[in-house]
Amino acid sequence: MSLRGKDIISISDIKRSDLERIFRVASSRFQGDELKGKIIAMAFFEPSTRTRFSFETATLRLGGNYIGFEATQSTSLAKGESFSDTIRMLDSYADGIVVRHSLEGAAKLAAELAEAPVINAGDGTKNHPTQAMIDLYTIWKERGNLDNLTYGVLGDLRYGRAAASFLKALNLYSPKKVYLICPEGLRPKQELLDSLKMPWEFSDLKDALPELDVLYVTRVQKERFPDPSEYERVKGSYKVDSSILKDAKEGLMILHPLPRVDEISLDVDSTPYAYYFKQAANGVPVRMALLSEVIP
Ligand code: CP
């Protein structure tokens with residue numbers, strides 16, 4: 001089934017066949033005119049480096065143009081205009097709308113308001129579907145498959161939407177096992193745990209590491225803590241450095257959606273395990289593939 005004209009709100013709405021079509025398109029040659037004459041609106045109500053710039057680059061590389069904002073102070077939102085009216089305006093100007101927001105459900109609401117397809121560029125703590133596409137694509141490209149691998153997901157599994165989306169995306173595959181590695185206070189919400197279809201268990205990094213094919217690391221999401229003292233308790237409580245990696249399996253891939261704060265030390269960057277910058281670079285071809293499949 002085609003994704004043409006569809007809203008992309010959660011990775012759970014995507015079929016494995018659609019995802020793998022995106023992977024194949026992302027790894028093939030683009031003509032460069034797939035979005036000729038199209039305008040994509042980039043509505044970033046929350047800061048971003050990778051997602052925003054890679055969507056903009058993807059649009060330009062496909063021959064399209066974009067409009068948009070990141071600082072809402074530069075729009076009439078600063079004068080009190082509502083989210084809904086802003087989305088309605090963008091819908092009347094653009095052929096597709098990319099939305100990032102701090103609140104869960106913002107992208108879904110935008111999709112209900114807009115006729116143009118809406119792509120969720122990350123909202124709240126649960127969904128960042130295009131990040132999950134990039135994460136899986138990075139593994140698929142290196143390993144050729146995603147089944148039968150042992151995954152570790154380390155970090156803020158409570159407030160991190162990239163980690164939540166990565167775990168939900170793995171539901172489309174058959175991992176051998178997933179180890180959830182996090183401080184007590186950053187354990188995933190029960191709803192996410194209940195949705196996991198693969199074998200999983202809580203572990204710590206040292207115990208799980210020798211088994212891992214993929215280690216997915218995330219930062220503590222400081223901006224999403226309802227209580228700052230809760231953040232103070234868990235910050236700096238885990239770190240991947242080159243000394244712990246002496247027990248790593250050959251071929252281990254370390255992924256991170258970035259930005260990194262201090263959870264992967266700089267000495268890991270020069271090891272063969274570091275895939276996170278390659279992963280960020282894959283944002284452009286994956287978002288090119290998605291836009292070329294979705295925009296009518
Ligand atoms: N990975 C990610 O979403 O990064 P940005 O917040 O910089 O877009």
Side-chain angles (χ1 to χ4, degrees), residues 8-12 14 19 22 26 40-61 66 68-72 96-107 110 118-141 151 153-170 186 214-225 231 240 253-264 268-269 274-291:
I8 307 295
I9 305 301
S10 165
I11 197 70
S12 305
I14 306 285
L19 195 58
I22 289 167
I40 311 300
M42 308 292 171
F44 281 74
F45 296 83
E46 195 187 49
S48 166
T49 297
R50 279 143 292 272
T51 311
R52 177 182 166 209
F53 293 130
S54 62
F55 262 118
E56 291 176 357
T57 304
T59 302
L60 295 173
R61 287 208 186 282
Y66 66 84
F69 57 85
E70 178 170 299
T72 53
I97 308 174
V98 176
V99 176
R100 164 164 293 194
H101 204 287
S102 58
L103 295 179
E104 237 143 80
V118 168
I119 299 176
N120 186 355
D123 67 347
T125 60
K126 289 184 186 165
N127 289 305
H128 195 348
T130 65
Q131 181 65 51
M133 290 174 191
I134 294 160
D135 303 340
L136 266 52
Y137 175 73
T138 304
I139 303 165
W140 177 86
K141 206 163 167 234
Y151 296 84
V153 186
L154 166 68
D156 184 347
L157 309 188
R158 186 159 197 84
Y159 301 112
R161 61 191 173 209
S165 293
F166 180 71
L167 285 165
K168 285 189 268 189
L170 289 181
L186 297 180
V214 176
L215 175 61
Y216 191 90
V217 186
T218 61
R219 72 184 166 95
V220 180
Q221 309 280 308
K222 180 179 183 183
E223 68 278 22
R224 303 200 200 289
F225 277 72
Y231 168 73
V240 179
M253 295 178 71
I254 301 179
L255 300 182
H256 191 312
L258 305 178
R260 135 175 82 176
V261 182
D262 58 3
E263 58 285 345
I264 298 182
V268 177
D269 295 359
Y275 278 84
Y276 28 92
F277 293 119
K278 214 180 257 188
Q279 177 189 3
N282 285 337
V284 174
V286 169
R287 290 180 170 125
M288 285 172 79
L290 182 67
L291 288 167

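Only heavy atoms go into these numbers, but all of them, side chains included; no hydrogens, no water, no symmetry mates. In listed order, ligands and their atoms are each counted from 1.
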Task: Atom of A169, atom of A132 and distance for their closest heavy-atom approach - done: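 Where A169 meets A132 most closely, the heavy atoms are CB-CB, 4.0 Å.
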
Task: Heavy-atom pair with the smallest gap, counting every atom of Y276 and L258 - done: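 Distance-wise, the nearest heavy atoms are O-CD1, 3.9 Å.
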
- [ ] Report the residue from D156, V153, L255, V240 that forms a side-chain contact (heavy atoms from CB on, under 4.5 Å) with V217.
- [x]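 Result for side-chain contact (heavy atoms from CB on, under 4.5 Å) with V217: V240.
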
- [ ] Closest by any non-hydrogen atom to atom 6 (O) of ligand 1: pick that one out of R50, R100, E46.
- [x]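 Result: the heavy atom closest to atom 6 (O) of ligand 1 is in R100.
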
- [ ] Write out the residue and atom name of the closest protein heavy atom to atom 7 (O) of ligand 1, then the distance separating them to 0.1 Å.
- [x]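 Answer, as residue, atom name and distance: T49 N, 2.8 Å.
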
- [ ] Could you list the atoms of ligand 1 found under 4.0 angstrom from a heavy atom of H128?
- [x]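 In order of number, 2 (C), 3 (O).
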
- [ ] Pull out every atom of ligand 1 sitting under 4.0 Å from any heavy atom of T51, numbered as shown with elements.
- [x]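 Per the distance check, 2 (C), 3 (O), 4 (O), 5 (P), 8 (O).
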
Are any of the N or O atoms of [X] closer than 3.5 Å to those of ligand 1?
X    : result
P257 : yes
R52  : no
L258 : yes

Open item on the list: Please tell me whether F44 and F69 form a close aromatic pair, meaning their ring centres lie under 6.0 Å apart.
Closed with: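 No - the distance between ring centres of F44 and F69 does not fall below the 6.0 Å cut-off.
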
Open item on the list: Can you list everything that forms a ring-ring contact (aromatic ring centres under 6.0 Å, His included) with Y66? Sequence neighbours excluded, please.
Closed with: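 For Y66, no residue satisfies ring-ring contact (aromatic ring centres under 6.0 Å, His included) once neighbours in sequence are set aside.
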
- [ ] State the CZ-CG distance between R100 and D123, to the nearest 0.5 angstrom.
- [x]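 The CG atom of D123 is 9.5 Å from CZ of R100, to the nearest 0.5 Å.
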
